[in-house]
Amino acid sequence: MRAISGLWRWRRNPLRRATDLAEAWLALVALVLVAVAAPVIGSLAGAAAEDSLQHTVREQRHARHLVTATVVRRLGGAPAESDPDTSAAHDSGRRVLADWTAPDGTARHGAVLARLRSPRPGDHVSLWTDSHGRMTTRPLDSPTATTHAVLAGLGAALLTAGLVEAGRRLVVWRMVRRRYACWDQAWDRAGPDWGKAGTGS
């Protein structure tokens, strides 16, 4: 709105300089770009991220499997696996030695994190594995992927708006520097005669 009011103020003002009008037009163009280009770019970036992430969701659902492991005995020390999506659950988890069968039928044996308060031999725990039974993190779910895509779109829109505003400020800064340089040149020409009788006549 300042750009529009600035254009109106300088439209027929006798004190208007060319740079004043240029600054007002520049502000108006920047405003239009922020209002139109930023949402469009944000939407495109969000849609692209959504497609990519949902493809990842489908791939991980196909490649990762939830299997049931049988506890053999408890182990001491730090957790064997670290899943950032479920890090809050690690506080109550216990490391155990367990046996499980891979989706391809292979027997597997190893240390896993059992989210049981007091795991005992014979207890069952669930874990995510790949097709060969190797432990992995749980697959990305569709709502989480959508959330990441929305955040990516918002980030792209904000980045676009920031770049437009940075460009506008840079151009205005250069225009102001040029204006000051012109003033210095005009003062250098008028300075020696300043205050003398008949100057300017």
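Only this structure's heavy atoms are used, side chains among them; waters, hydrogens and symmetry mates stay out.
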Distance-minimising heavy-atom pair for [X] and [Y]:
{"X": "Ser131", "Y": "Ala102", "value": "O-CB, 4.4 Å"}
{"X": "Ala152", "Y": "Ala49", "value": "CB-CB, 4.0 Å"}
{"X": "Ala149", "Y": "Leu53", "value": "N-CD1, 3.8 Å"}
{"X": "Val67", "Y": "Thr101", "value": "CG1-O, 3.9 Å"}

Side chains of [X] and [Y]: does their closest heavy-atom pair fall under 4.5 Å?
{"X": "Gln54", "Y": "Thr146", "value": "yes"}
{"X": "Leu163", "Y": "Leu159", "value": "yes"}
{"X": "Ser52", "Y": "His148", "value": "no"}

[Y] backbone acceptor or donor facing [X] side chain under 3.5 Å:
{"X": "Gln60", "Y": "Leu140", "result": "yes"}
{"X": "Ser43", "Y": "Pro39", "result": "yes"}
{"X": "Arg108", "Y": "His132", "result": "yes"}

Name all pairs fulfilling the salt bridge (Lys or Arg N to Asp or Glu O under 4.0 Å) condition that reach into residues 166-177, sequence neighbours left out, sorted by first residue then second.
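For residues 166-177, and leaving out neighbouring residues, the salt bridge (Lys or Arg N to Asp or Glu O under 4.0 Å) pairs sorted by first residue read Glu165-Arg168, Glu165-Arg169.
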If you look only at pairs with a residue in residues 139-151, which of them pass as a salt bridge (Lys or Arg N to Asp or Glu O under 4.0 Å), with sequence neighbours excluded?
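Qualifying pairs, neighbours excluded: Arg138-Asp141.
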Evaluation steps, side-chain contact (heavy atoms from CB on, under 4.5 Å), between Val96 and Val72
CA-CA 7 Å; Val96 298; Val72 176; over 6 Å; no
Quick one: name the residues clustered hydrophobically with Ile41, using the 4.5 Å side-chain heavy-atom rule over I, L, V, M, F, W, Y, and just say none if it's on its own.
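So far as hydrophobic clustering goes, Ile41 is joined with none.
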Supply the atom-to-atom distance [X] [atom1] to [Y] [atom2], rounded to the nearest 0.5 angstrom.
{"X": "Thr56", "Y": "Asp51", "atom1": "OG1", "atom2": "CG", "value": "11.0 Å"}
{"X": "Trp100", "Y": "Leu127", "atom1": "CH2", "atom2": "CG", "value": "6.0 Å"}
{"X": "Thr136", "Y": "His65", "atom1": "OG1", "atom2": "NE2", "value": "10.5 Å"}
{"X": "Glu50", "Y": "Ser142", "atom1": "CD", "atom2": "OG", "value": "6.5 Å"}
{"X": "Arg120", "Y": "Arg74", "atom1": "CZ", "atom2": "CZ", "value": "10.0 Å"}
{"X": "Thr68", "Y": "Asp123", "atom1": "OG1", "atom2": "CG", "value": "12.5 Å"}

Which is it for Val150 and Leu154 under the side-chain contact (heavy atoms from CB on, under 4.5 Å) test, yes or no, and what are the steps along the way?
CA-CA 6 Å; Val150 170; Leu154 287 174; 4.3 Å; yes
Residue list, side chain to side chain contact (heavy atoms under 4.5 Å, CB included) with His62, at least two apart or on another chain:
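Scan of His62 (side chain to side chain contact (heavy atoms under 4.5 Å, CB included), adjacent residues dropped) gives none.
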Mind checking what makes side chain to side chain contact (heavy atoms under 4.5 Å, CB included) contact with Ala45, not counting sequence neighbours?
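With neighbours one apart ignored, the set is Ala156.
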Is there a path of hydrophobic side-chain contacts, each under 4.5 Å between heavy atoms of I/L/V/M/F/W/Y residues, joining [Y] to [X]?
{"X": "Leu44", "Y": "Val36", "result": "no"}
{"X": "Tyr180", "Y": "Met175", "result": "yes"}
{"X": "Leu158", "Y": "Leu151", "result": "no"}

With no hydrogens and no angle check, do the side chains of Arg94 and Ser118 hold a donor and an acceptor under 3.5 Å apart?
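No - no donor-acceptor pair under 3.5 Å links their side chains.
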Which residues share a side-chain hydrogen bond (donor to acceptor under 3.5 Å, both in side chains) with Thr70, sequence neighbours left out
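Residues passing side-chain hydrogen bond (donor to acceptor under 3.5 Å, both in side chains) with Thr70: His124.
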Under the criterion side chain to side chain donor-acceptor pair (under 3.5 Å), I'd like the reasoning laid out for Thr137 against Arg64: C-alpha separation, chi angles, the key distance, then a yes or no.
CA-CA 8 Å; Thr137 56; Arg64 299 181 185 184; 3.0 Å; yes
Under the side-chain contact (heavy atoms from CB on, under 4.5 Å) criterion, do Val71 and Val125 qualify, and how do the steps go?
CA-CA 7 Å; Val71 175; Val125 294; 4.2 Å; yes
My understanding is that only one of Leu31, Leu33, Val32, Val29 makes a side chain to side chain contact (heavy atoms under 4.5 Å, CB included) with Val164; could you say which?
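Of all the options given, the one that passes is Leu33.
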Tell me whether the count of non-hydrogen atoms from other residues, nucleotides or ligands lying under 6.0 Å of NE2 in His55 goes above 12.
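Counting other residues, nucleotides and ligands, NE2 of His55 stays at 12 neighbours or fewer.
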